[in-house]
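First the structure, in the form of C-alpha cells, and then the observations on it.
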Amino acid sequence: MLGSRNREQFSIQALLLCDAFLVFQGFYIGDKLRPFLRPLLGLSDDGQIGLAQISWLLFIVVPFTPLVLEVFGFYRNMMRKTLVSVTDADDSGALGDQCGHCCHGSLV
C-alpha cells in the first residue's frame, strides 16, 4: 500500500514539473512565432515587447500555474484518470465543481 502511495506522489510531482515546463514553452514559442505571425495577420510591430521584457512574469506564472491546478483538484486521483476524462469538456468536475456552483454538466 505504501509503495503505491509513493508512486502516486512521484507521478504527481512529475506532472507538476511537466505542467510548469509546458507553460514556459507556451511563452517561449509565442515569442518566437510572433515576428512571423504579426505580418500575416496584418498587425504592426509598434510597441512590441519580447520575452526578455516580461521575464519577470515568468517567475510568477510558471511556478504558480501547477499550484493553482492543484488547488482546483486537477491532480486528485491522478493514477485513476484517463486522457479522455481529463480533457472531456462535459465532465461535471471540469468547471462547475471547481467554481463552487453547479453547472449540471453544461458550460454556461
Side-chain angles (χ1 to χ4, degrees):
M1 207 57 168
L2 183 61
S4 174
R5 180 77 174 148
N6 287 340
R7 182 174 177 224
E8 185 174 358
Q9 287 297 323
F10 178 76
S11 296
I12 290 172
Q13 291 295 321
L15 286 172
L16 286 166
L17 290 173
C18 288
D19 288 340
F21 179 73
L22 287 173
V23 170
F24 173 76
Q25 280 298 108
F27 276 98
Y28 182 78
I29 291 171
D31 182 57
K32 296 304 175 195
L33 289 179
R34 184 183 309 169
F36 302 110
L37 294 178
R38 287 186 72 87
L40 290 175
L41 298 173
L43 301 172
S44 67
D45 291 338
D46 298 337
Q48 178 177 330
I49 61 171
L51 192 61
Q53 288 82 15
I54 62 166
S55 62
W56 63 271
L57 185 64
L58 294 176
F59 290 111
I60 297 169
V61 173
V62 170
F64 281 103
T65 299
L67 294 176
V68 169
L69 287 172
E70 188 171 7
V71 166
F72 285 123
F74 182 77
Y75 300 110
R76 281 191 212 123
N77 300 324
M78 189 52 69
M79 298 301 281
R80 290 183 216 114
K81 289 184 181 179
T82 63
L83 183 60
V84 175
S85 69
V86 171
T87 60
D88 188 13
D90 293 331
D91 188 12
S92 63
L95 289 176
D97 292 342
Q98 307 305 333
C99 295
H101 34 77
C102 183
C103 292
H104 300 290
S106 64
L107 299 175
V108 181

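All residue numbers refer to positions in the sequence shown, counting from 1. Atom set for the values below is all heavy atoms of this structure, side chains included, hydrogens, waters and symmetry mates excluded.
Note: the hydrophobic cluster containing Phe36 does not contain Tyr28 (ILVMFWY, side chain heavy atoms under 4.5 Å, direct or indirect links). Using a 4.5 Å cut-off between side-chain heavy atoms of Ile, Leu, Val, Met, Phe, Trp and Tyr, with links allowed through other members, Ile29 and Ile49 fall into different hydrophobic clusters. Residues Val68 and Val62 are members of separate hydrophobic clusters, defined by side-chain heavy-atom contacts under 4.5 angstrom among Ile, Leu, Val, Met, Phe, Trp and Tyr. A continuous path of ILVMFWY side-chain contacts below 4.5 Å connects Trp56 to Val61, so both sit in one hydrophobic cluster. When hydrophobic clusters are built by joining Ile, Leu, Val, Met, Phe, Trp and Tyr residues whose side-chain heavy atoms come closer than 4.5 Å, directly or via intermediates, Val23 is grouped together with Leu67.
If you take CZ on Phe24 and CZ on Phe27, they are separated by 10.0 Å, rounding to the nearest 0.5 Å. Expressed to the nearest 0.5 Å, how far NZ of Lys32 lies from CZ of Arg34 amounts to 10.5 Å. Atom OH of Tyr75 sits about 9.5 Å away from atom CD of Gln13, to the nearest 0.5 Å. Asp19 CG to Ile12 CD1: the interatomic distance, rounded to the nearest 0.5 Å, is 11.5 Å. With values rounded to the nearest 0.5 angstrom, Leu17 atom CG is found 11.0 Å from Leu22 atom CG.
Closest approach of Val71 and Arg76 over heavy atoms only: O-NH2, 3.8 Å. Shortest non-hydrogen contact noted between Asp31 and Leu51 is OD1-N, 3.1 Å.
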**Report entry** CA sep, side-chain torsions, deciding dist, call: Phe74, Leu15, side chain to side chain contact (heavy atoms under 4.5 Å, CB included)
**Finding:** CA-CA 10 Å; Phe74 182 77; Leu15 286 172; over 6 Å; no
